[in-house]
Amino acid sequence: MTNSEEKYKKVYPVSWQQLHQDCKALAWRLLDLGTWDKIVAVARGGLVPAAIIARELEIRFVDTVCISSYTLRTQGETRILKEIKRDEKERILIIDDLVDTGSTARVVRKMIPGAHFATVYAKPDGRPEVDTFITEVSQDTWILFPWDSEPQYHYIKPIVSQK
């Protein structure tokens, strides 16, 4: 059994429709917090959610920070590939798809202090690192995003028989 198989015991597939609905719900929650000067998407996972949220909140300025921490289903060393500097006067909204252990969030928060960090999905270990999220999933769940999967038409076992 590999390390990733030990860590992730469940898979939570997210469809494009569900992702869009969850991003829109996040946008509604963020709307109540005021206006934002720009969005900073955490690439790559935060790119699609940031685009949806930018549309919903009518934010035209979208930038990226590029962080590498995952390879397939394992989390490795966090590397900064592209960073940004913050203008202290700006209200910045950081968007990512998921906070898992919080290691990426800690790096980005250090890079952009005072920004509001929002994710669509959150796991318990990373939850303290984000300000706003929509859906919490267990730490041992691998979230299968639509950009990481293809439709497959075959029989899927019920949850009970997957244990």
Side-chain angles (χ1 to χ4, degrees), residues 7-8 10-71 73-148:
K7 184 176 179 181
Y8 300 110
K10 302 172 204 138
V11 176
Y12 182 63
V14 176
S15 68
W16 285 109
Q17 181 177 2
Q18 180 182 351
L19 179 73
H20 195 276
Q21 289 171 336
D22 291 343
C23 289
K24 197 165 183 173
L26 182 57
W28 275 107
R29 192 166 287 171
L30 293 167
L31 183 63
D32 293 337
L33 300 175
T35 59
W36 310 96
D37 296 312
K38 71 175 163 183
I39 287 177
V40 174
V42 180
R44 291 179 314 210
L47 292 171
V48 173
I52 295 167
I53 291 165
R55 180 198 179 276
E56 294 299 331
L57 299 181
E58 294 186 350
I59 298 170
R60 301 277 180 188
F61 195 125
V62 180
D63 202 348
T64 60
V65 293
C66 302
I67 309 286
S68 173
S69 64
Y70 281 92
T71 56
R73 286 179 61 150
T74 60
Q75 190 169 19
E77 180 185 333
T78 302
R79 295 181 311 142
I80 300 171
L81 306 173
K82 176 189 174 271
E83 60 183 294
I84 66 166
K85 302 288 184 218
R86 178 175 189 209
D87 178 345
E88 294 297 323
K89 298 173 194 152
E90 293 178 310
R91 284 204 65 200
I92 297 176
L93 177 58
I94 302 167
I95 300 291
D96 205 353
D97 57 350
L98 157 76
V99 62
D100 189 331
T101 64
S103 61
T104 299
R106 281 188 289 279
V107 168
V108 176
R109 277 196 176 282
K110 189 174 180 181
M111 188 185 309
I112 315 168
H116 188 90
F117 204 119
T119 61
V120 185
Y121 305 101
K123 293 184 180 182
D125 288 355
R127 256 186 65 204
E129 301 300 328
V130 297
D131 300 304
T132 306
F133 68 93
I134 289 300
T135 302
E136 184 173 354
V137 297
S138 63
Q139 200 66 43
D140 64 346
T141 298
W142 180 261
I143 299 176
L144 184 59
F145 288 100
W147 52 81
D148 288 329

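One is the number of the first residue; the rest follow in order along the sequence.
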- May I ask you to test the V14-L144 pair for a side-chain heavy-atom distance under 4.5 Å? no
- Task: Of all the heavy-atom pairs spanning P128 and D125, show the shortest one and how long it is.
- Result: CD-O, 3.7 Å
- Query: Within a reach of under 6.0 Å around NZ of K24, are more than 12 heavy atoms found that belong to other residues, nucleotides or ligands?
  - Reply: no
- Message: A side-chain contact here means heavy atoms from C-beta on lying under 4.5 Å apart; do M111 and V40 qualify?
- Response: no
Table please: side-chain donor-acceptor pairs of residues 91-98 below 3.5 Å, with sequence neighbours left out.
{"residue": "R91", "atom": "NH1", "partner": "L33", "partner atom": "O", "Å": "3.4"}
{"residue": "R91", "atom": "NH1", "partner": "T35", "partner atom": "O", "Å": "3.1"}
{"residue": "R91", "atom": "NH2", "partner": "L33", "partner atom": "O", "Å": "3.4"}
{"residue": "D96", "atom": "OD1", "partner": "G46", "partner atom": "N", "Å": "3.3"}

- Task: Indicate the atoms forming the closest heavy-atom contact of R109 with D131, along with that distance.
- Result: NH2-OD2, 2.8 Å
- What are the two closest heavy atoms between P124 and S138, and how far apart are they? CD-C, 4.1 Å
- Between atom CG of L26 and atom CD1 of I53, what is the distance when rounded to the nearest 0.5 Å? 4.0 Å
- Can you tell me which residue pairs pass the ring-ring contact (aromatic ring centres under 6.0 Å, His included) test with a partner in residues 114-133, sequence neighbours excluded? W36-H116, Y121-F145
- Message: If I take atom OG1 from residue T104 and atom CD1 from residue I80, how far apart are they, to the nearest 0.5 angstrom?
- Response: 10.0 Å
- Distance, nearest 0.5 Å, that separates OG1 of T101 from CZ of R106: 6.0 Å
- Message: I need the Y12 OH to Q18 CD distance, nearest 0.5 Å.
- Response: 4.0 Å
- Message: Just verifying a value: how many Å separate I112 CD1 and I84 CD1, rounded to the nearest 0.5 Å?
- Response: 3.5 Å
- Minimum heavy-atom distance between V62 and A54, given as atom pair plus value: CG2-CB, 3.8 Å
- Message: Tell me the closest heavy-atom pair linking A27 and E56, and the distance in Å.
- Response: CB-CB, 3.7 Å
- Flag the pair K82 and D63 as a salt bridge only when some basic side-chain nitrogen lies within less than 4.0 angstrom of an acidic carboxylate oxygen. yes
- Task: Step through the shown structure and confirm whether more than 12 heavy atoms of other residues, nucleotides or ligands are within 6.0 Å of CH2 on W147.
- Result: yes
- Message: What's the separation between atom CG in D22 and atom NE2 in H20, rounded to the nearest 0.5 Å?
- Response: 11.0 Å
